[in-house]
Amino acid sequence: MTNHMENPAVIVIDMLNDFVHGSLKCDRASKIVPNVKRLVEAARARDIPVVFSNDAHYPHDPEVVKRWGRHAIKGTEGARVIPELGPAEGDFVVEKRTYSGFFETGLDPLFRSLYGGRGVRTVVLCGLHTHMCIRHTAADAFFRGYGIVVARDAVEAFTEEDHLAGLKYLADAYNAEIKGVDEIIASWG
Ligand code: ZN
């Protein structure tokens, strides 16, 4: 069964040079690149909004100082989306300074303005990491009433254990539908 997905938008989280190749390299990131690419290209072809939700840190952000060290510093090459993915013309780029794509960013008002002012209703999450930025972005999407779909084969984490625990939590806590990229694209018709 392919159920209808109401007013979707794809959020691509932290598919940045530093996360894929650089200072915060995740060895498991490269393998999802073709799946993320297929998902965003299918979305663009259907006029489904694509948003790149990108870390753009100041060096003194808590996440940098207290937890991960320097990564994705605003304006640096490490903070750019990997070239395989774009952004393409018409895509949106919304910078963030924490794990969540919604926290103190313009993402929610952007979503409310789309679909002729009727607003995005379903967020389709892909990128990095399943149990960190995907999870926190899903939390804020849930709190704001969005439906949540997570592209199982287009999200990753540093370890298989973190990835699987992340998917389970997303389903348990936020009623996220966990689907493969092909299944998501099929549901768009
Ligand atoms: Zn960060």
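Atoms within each ligand, like the ligands themselves, are counted from 1 in listed order. Sequential numbering from 1 along the given sequence is applied to the chain's residues. Note that the structure is a prediction, hence the values are computed from the model and not measured.
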Q.
Regarding His163 and Thr130, do their side chains bring together a donor and an acceptor under 3.5 Å, going by distance alone?
A. yes
(Q) Closer than 2.8 Å to the Zn ion (ligand 1): does that hold for any N, O or S atom in His57? (A) yes
Q) Would you say the side-chain atoms of Asp140 pair up with the backbone N or O of Phe102, donor to acceptor, closer than 3.5 Å? A) no
Q: Have a look at the Zn ion (ligand 1) and estimate, to 10 degrees, the angle subtended by OD2 (Asp55) and NE2 (His71).
A: 100°
Q: Assess Asp14: does it contribute an N, O or S atom lying under 2.8 Å from the Zn ion (ligand 1)?
A: no
Q | Proximal heteroatom of Glu63 relative to the Zn ion (ligand 1) (N/O/S) | A | OE2
Q.
Taking the basic N atoms (NZ, or NE/NH1/NH2) and the acidic carboxylate oxygens, is any pair closer than 4.0 Å for Lys96 and Asp14?
A. yes
(Q) For Lys31, is the NZ atom crowded, meaning more than 12 foreign heavy atoms sit under 6.0 Å from it? (A) yes
